[in-house]
Amino acid sequence: MSTKEDYENSRLYRIRHSAAHVMAEAVLEMFPDAQIAIGPSIEDGFYYDFDLPRTLTPDDLETIENRMKELIKAKEDFVREEVSAAEAKEIFKDQKYKLELIEGLESGQEDEDGNPTDQKVPMTIYRSGQFVDLCRGPHVENTSEINPHAIKLLNVAGAYWRGDEHRPMLQRIYGTAWETKDELKDYLWKLEEAKKRDHRKLGKELDLFSSNDEVGQGLILWHPNGGMVRHQIERYWDDKHIANGYDLVYTPHIGKASLWETSGHLGFYKENMYSPIVIEDQEYFIKPMNCPFHLHIYKSQLRSYRDLPLRFAEKGTVYRYERSGVLHGLMRVRGFTQDDAHHFCRPDQMPDEIDFTLNFSIDMLKAFGFTDFQAYLSTKPEKSVGDEQMWHDAEAALEDTLKRMNVPYEIDEGGGAFYGPKIDLKVRDALGREWQLSTIQFDFNEPERFDLTYIGEDGKEHRPYMVHRALLGSMERFFGVLIEHYAGAFPVWLAPKQVMLIPIADRHNGYAHDVAARLKKAGLRVSVDDGSDRMNAKIRNAQKQKYPYMLVIGDREMEDKQVALRRRNGDNPGAMSVDDFLAIALDEIERKV
RNA sequence: GCCGGCGUAGCUCAAUGGUAGAGCAACCGCCUUGUAAGUGGUAGGUUAUGGGUUCGAUUCCCAUCGUCGGCUCCA
């Protein structure tokens with residue numbers, strides 16, 4: 001895997017950045033009064049932000065793309081020039097966003113994209129054809145290095161100037177660029193493939209879940225098929241937790257305002273919480289997190305150092321206000337169930353506890369078929385509680401674990417929660433996309449606020465350390481990721497329906513039902529298609545529903561007391577005894593393949 | 001929340017300023033079938049909701065709701 005720096009030094013990066021300039025040139029030809037903002041390379045492509053007199057249409061994109069191809073063929077050189085602030089201001093005198101960037105550069109506080117920096121960047125411009133941009137580069141030497149058959153404009157979207165919602169909304173054109181036509185083709189294929197795997201589409205096709213106008217946005221209805229997958233996930237999860245020193249707990253969905261005062265949520269998290277409900281003159285809030293309840297379970301009795309670590313786990317359903325525009329299928333919802341747990345331990349146990357948690361997390365994700373992980377260590381944010389030393393120690397402890405366990409990680413400076421630093425784990429799915437699932441978070445805040453203690457060896461009260469963690473993240477998001485990872489073809493152990501029996505003619509129905517009963521008794525999830533369709537149609541339907549096993553039953557099978565196995569991947573092992581099939585199925589379930 | 005697109009039958013999608021159409025699914029038949037769609041028929045829509053323009057709106061305009069692509073924010 002190449003790093004970010006490698007990418008920034010790559011030819012592809014220069015090609016994309018240069019393509020962004022060419023695009024801006026084409027747009028400026030079309031709209032001479034356009035105000036241009038910034039246009040960098042990004043993963044898989046580039047964009048440029050514009051302030052235009054009217055909104056762009058898909059037709060405009062085609063026009064712009066065609067013009068770009070002409071400009072590329074014009075073989076224009078990219079010419080770099082270093083300029084003074086005054087010269088820059090003269091060149092960009094009609095470009096208000098550029099002038100703003102120039103001021104930032106001049107102050108030495110910002111780079112040419114307006115990001116804070118502590119080193120003063122020399123002011124440079126790049127010219128290509130009629131176009132000139134304030135830009136650090138680098139670029140290709142000449143537009144001819146951009147392959148006109150390997151670029152494509154993808155879509156237009158709104159984007160705030162400098163990503164700030166209080167500033168003007170600009171129009172952003174996204175494009176992609178590659179070195180060769182084939183690479184572009186591969187990329188577009190990947191986009192198509194991603195569309196096919198979209199969990200929202202598969203959720204409908206496989207009848208897994210839905211959401212509904214009348215219920216409310218961001219609130220998920222799990223249908224029987226989705227419910228079965230979830231049940232299997234949860235069953236495995238429960239067993240694993242019990243086997244690994246966790247206690248399962250259950251807590252209510254609402255709690256009194258004073259609870260959330262104590263926890264600090266009303267101080268730090270209120271904008272994500274729903275309005276209170278009033279019961280007998282007392283305000284109650286729907287929980288956005290489970291921790292305060294778990295803390296009270298801890299506090300329900302005196303704890304000895306011998307009791308620690310304590311691990312309370314709960315699949316706790318929480319509700320958070322999310323702005324309507326951010327909701328997305330199962331990935332971002334307003335009501336979700338976290339696979340939550342809180343660990344309480346002595347300070348000396350903390351390193352082991354973190355090691356354990358990260359290990360457990362990775363094992364859990366591996367069981368579901370994820371093998372490629374990337375960790376992010378998030379450090380102290382601006383708004384935070386706890387003293388510097390605690391933060392430093394905790395961050396060091398987390399980092400030590402990552403190093404010990406050899407998990408590749410990046411530091412997300414200032415990305416921690418207000419109450420402590422955290423490790424987030426992202427998994428890479430079958431298409432190479434990253435999803436954030438696990439999070440392991442230190443908490444300096446709540447043990448203090450709730451005055452948690454344990455009695456130490458010395459007979460005195462001590463403050464325990466606390467870790468929050470969610471491994472799958474939330475059942476909703478995890479399910480969404482699972483659907484996309486497997487394109488709906490879940491491993492047998494998770495598949496909502498495992499076996500479809502396909503009698504060829506009506507006279508085989510009785511035997512098919514007998515076989516079904518036998519398989520059900522062995523614990524398999526079995527259906528019988530005893531309708532009047534032809535066998536071919538029955539197979540097609542079962543394939544589309546992604547049944548892992550189809551068992552065809554005709555005269556021969558009935559005669560020999562067998563079943564003819566067909567797998568959803570098209571493999572056709574043929575006739576075998578019911579016991580042989582059962583052995584295969586149960587083995588694959590056991591091995592989670 | 002913001003910018004832009006979209007909302008027609010359970011699903012996928014047509015069509016038009018003048019009574020809304022197909023395929024699949026559903027239902028009722030016929031066929032009794034050997035590894036991805038046998039066949040005939042029936043039924044199904046106040047064109048998301050509420051206003052407005054118009055002789056007439058599903059089509060044009062506005063608002064609301066939902067949804068999609070992004071931005072910002074996150075499990």
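Below, chain A is the first sequence line, B the second, and so on; all start at residue 1.
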Which label fits [X] and [Y]: parallel for a plane angle under 30°, tilted from 30 to 60°, or perpendicular past 60°?
| X | Y | value |
| --- | --- | --- |
| A:His241 | A:Tyr246 | tilted |
| A:Phe356 | A:His343 | tilted |
| A:Tyr319 | A:His253 | tilted |

Query raised in the report: Pick from A:Phe312, A:Phe442, A:Tyr419: which one makes a ring pair (Phe, Tyr, Trp, His ring centres under 6.0 Å) with A:His468?
Result: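 Testing each of A:Phe312, A:Phe442, A:Tyr419 against A:His468, the sole residue satisfying ring pair (Phe, Tyr, Trp, His ring centres under 6.0 Å) is A:Tyr419.
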[N] and [M]: how far apart are their [atom1] atoms, nearest whole angstrom?
| N | M | atom1 | answer |
| --- | --- | --- | --- |
| B:A14 | B:C71 | P | 28 Å |
| B:C62 | B:A57 | C1' | 14 Å |
| B:G44 | B:G18 | P | 25 Å |
| B:U39 | B:G45 | P | 27 Å |
| B:A9 | B:C13 | C1' | 11 Å |
| B:C2 | B:U59 | C1' | 29 Å |
| B:U32 | B:G69 | P | 49 Å |
| B:G7 | B:U47 | C1' | 10 Å |

Query raised in the report: Quick one: do the A:Trp435 and A:Asp429 side chains pair a donor with an acceptor below 3.5 Å?
Result: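 Looking only at side-chain atoms, A:Asp429 and A:Trp435 do form a donor-acceptor pair, the distance falling under 3.5 Å.
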Query raised in the report: Any luck finding a side-chain donor-acceptor pair between A:Thr337 and A:Arg230 under 3.5 Å?
Result: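 Yes - a donor-acceptor pair under 3.5 Å links their side chains.
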Which part of the nucleic acid, if any, lies within contact of [X], taking any heavy atom under 4.0 Å across all strands shown: a base, the sugar-phosphate backbone alone, or nothing?
| X | result |
| --- | --- |
| A:Lys538 | nothing |
| A:Glu557 | base |
| A:Ala470 | nothing |
| A:Asp213 | sugar-phosphate |
| A:Gln543 | base |
| A:Tyr174 | sugar-phosphate |
| A:Thr57 | nothing |
| A:Gly158 | base |
| A:Asp506 | base |
| A:Arg172 | sugar-phosphate |
| A:Glu205 | nothing |
| A:Thr55 | sugar-phosphate |
| A:Arg507 | sugar-phosphate |
| A:Gly325 | base |

Requested in this report: Could you check which residues of residues 562-570 of chain A get a heavy atom under 4.0 Å from RNA chain B? Sort them by number, please.
Outcome: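 Within residues 562-570 of chain A, the residues near RNA chain B are A:Ala564, A:Arg566.
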Query raised in the report: Is the shortest side-chain N to carboxylate O distance from A:Lys201 to A:Glu484 below 4.0 Å?
Result: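 No.
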Query raised in the report: Taking for each residue the nucleotide of RNA chain B with the nearest heavy atom, is it A:Leu437 or A:Ile539 whose nucleotide lies nearer the 5' end?
Result: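 In this pair, the answer is A:Ile539.
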Requested in this report: Specify the residue among A:Met169 and A:Ser211 whose closest nucleotide of RNA chain B lies further upstream toward the 5′ end.
Outcome: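 Its nucleotide being nearer the 5' end, the pick is A:Met169.
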Any strand: nucleotide that pairs with [N] via Watson-Crick or wobble, under 3.5 Å:
| N | answer |
| --- | --- |
| B:C60 | B:G52 |
| B:U16 | none |
| B:U35 | none |
| B:G23 | B:C11 |
| B:G69 | B:C3 |
| B:G40 | B:C28 |

Query raised in the report: Taking the six-membered ring for Trp, are A:Phe46 and A:His17 ring centroids under 6.0 Å apart?
Result: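 Judged by ring-centre distance (under 6.0 Å), A:Phe46 and A:His17 do not meet the cut-off.
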Query raised in the report: Looking only at heavy atoms, what is the nearest atom pair of A:Ala394 and A:Pro421, with distance?
Result: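 Smallest heavy-atom distance, with atoms named: CB-CG, 3.7 Å.
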Query raised in the report: A:Arg172 side chain to A:Ala157 main-chain N or O, any donor-acceptor pair under 3.5 Å?
Result: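 Flag not set: sc A:Arg172 to bb A:Ala157 has no pair under 3.5 Å.
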Query raised in the report: Does A:Gln171 use its side chain to pair, donor to acceptor, with the backbone of A:Arg54 at less than 3.5 Å?
Result: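 Checked: pair present.
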Query - Between NE2 on residue A:His231 and CG on residue A:Asp238, distance to nearest 0.5 Å - result: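 That separation rounds to 9.5 Å.
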Query raised in the report: Where does the chain A footprint on RNA chain B start and end, counting 5' to 3' with a 4.0 Å heavy-atom cut-off?
Result: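 Answer, 5' to 3': B:G1 to B:A75.
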